[in-house]
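Right, one structure below, let's go through it.
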Amino acid sequence: MNKMSIKKDDLVVVLSGKDKGKQGKVLETMPKDGKVIVEGINMVARHTKPRQQGQEGGIIHKEAPLYACKVQRVCPKCNKPTRPAHKILADGKKVCVCKKCGAEI
């Protein structure tokens with residue numbers, strides 16, 4: 001299993017690709033594939049066929065997964081993208097810290 005520094009409900013910014021610079025909330029992480037699904041980012045059109053009587057087919061727009069290395073977590077205090085550092089507190093608890101402002105993420 002691969003380790004990822006990005007978790008569900010984190011605010012991230014896209015570093016490269018067609019949605020470069022956009023921010024969004026992480027909806028789902030896939031550590032096995034090293035991918036994340038971000039709200040409103042990497043939208044694709046899916047053409048669906050009606051499967052049951054009375055069900056409508058059509059084009060559905062939804063988010064596709066993108067590699068976790070293409071996104072970076074945003075610090076809630078300084079509002080800048082940062083690679084999180086890990087710090088061990090006096091009570092033995094491990095927390096993520098922003099490298100730019102030093103605030104806990």
Side-chain angles (χ1 to χ4, degrees):
M1 190 164 169
N2 299 328
K3 286 257 185 184
M4 290 174 61
S5 63
I6 298 166
K7 307 264 186 281
K8 187 179 174 186
D9 296 327
D10 281 347
L11 187 67
V12 293
V13 66
V14 181
L15 302 175
S16 64
K18 64 180 182 182
D19 294 319
K20 181 179 179 177
K22 290 184 183 176
Q23 286 188 2
K25 190 174 88 170
V26 176
L27 299 175
E28 187 182 337
T29 60
M30 299 170 219
K32 197 181 237 183
D33 302 326
K35 294 186 178 188
V36 292
I37 294 178
V38 183
E39 186 177 33
I41 306 292
N42 199 21
M43 298 297 284
V44 293
R46 172 146 183 149
H47 298 259
T48 57
K49 197 173 172 181
R51 295 286 172 202
Q52 297 172 344
Q53 186 98 23
Q55 185 181 5
E56 276 190 44
I59 301 167
I60 297 170
H61 295 280
K62 65 181 220 172
E63 294 96 354
L66 69 152
Y67 284 104
C69 63
K70 291 188 176 228
V71 297
Q72 211 170 44
R73 200 188 299 184
V74 176
C75 174
K77 187 177 177 188
C78 63
N79 206 26
K80 292 181 182 173
T82 181
R83 205 177 305 126
H86 298 286
K87 187 178 180 182
I88 298 171
L89 300 176
D91 62 345
K93 189 177 171 187
K94 189 176 179 182
V95 293
C96 286
V97 179
C98 174
K99 283 193 176 179
K100 297 196 176 171
C101 68
E104 279 188 30
I105 300 177

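Note that this is a predicted model, so its numbers are computed, not measured.
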Could you check whether any side-chain heavy atom of V12 comes within less than 4.5 Å of a side-chain heavy atom of V38, counting everything from C-beta outward?
yes
Could you check if a side-chain atom of E28 sits within less than 4.5 angstrom of a side-chain atom of K8, using non-hydrogen atoms only?
no
With rounding to the nearest 0.5 angstrom, report the [atom1] to [atom2] distance, [X] to [Y].
X: L66; Y: K35; atom1: CG; atom2: NZ; result: 8.5 Å
X: T82; Y: Q72; atom1: OG1; atom2: CD; result: 6.5 Å
X: H86; Y: S5; atom1: NE2; atom2: OG; result: 6.5 Å
X: L27; Y: K62; atom1: CG; atom2: NZ; result: 12.0 Å
X: T48; Y: Q55; atom1: OG1; atom2: CD; result: 7.5 Å

Crowded around L89 CG? As in, over 12 foreign heavy atoms under 6.0 Å?
yes
Within the supplied structure, the quantity of interest is the number of heavy atoms (other residues, nucleotides, ligands) at a distance under 6.0 Å from K18 NZ; does it exceed 12?
yes
Residues forming a salt bridge (Lys or Arg N to Asp or Glu O under 4.0 Å) with K25, sequence neighbours excluded
D9
Short question: side chain of D10, backbone of V26 - any donor-acceptor pair under 3.5 Å?
no
For a side-chain contact (heavy atoms from CB on, under 4.5 Å) check, start with the C-alpha distance between K80 and C75, then their side-chain angles and the critical distance, and finish with the verdict.
CA-CA 6 Å; K80 292 181 182 173; C75 174; 5.6 Å; no
Quiz: residues 91-105 side-chain donor-acceptor pairs under 3.5 angstrom, not counting sequence neighbours:
residue, atom, partner, partner atom, Å
D91, OD1, K93, N, 3.3
K100, NZ, P81, O, 3.1

Which atom names give the shortest non-hydrogen contact between [X] and [Y], and what distance separates them?
X: K22; Y: I41; value: CB-CD1, 3.5 Å
X: E56; Y: P50; value: C-CB, 4.2 Å
X: K7; Y: M4; value: NZ-O, 3.3 Å
X: A68; Y: I6; value: O-CD1, 3.8 Å
X: N42; Y: P65; value: ND2-O, 3.2 Å

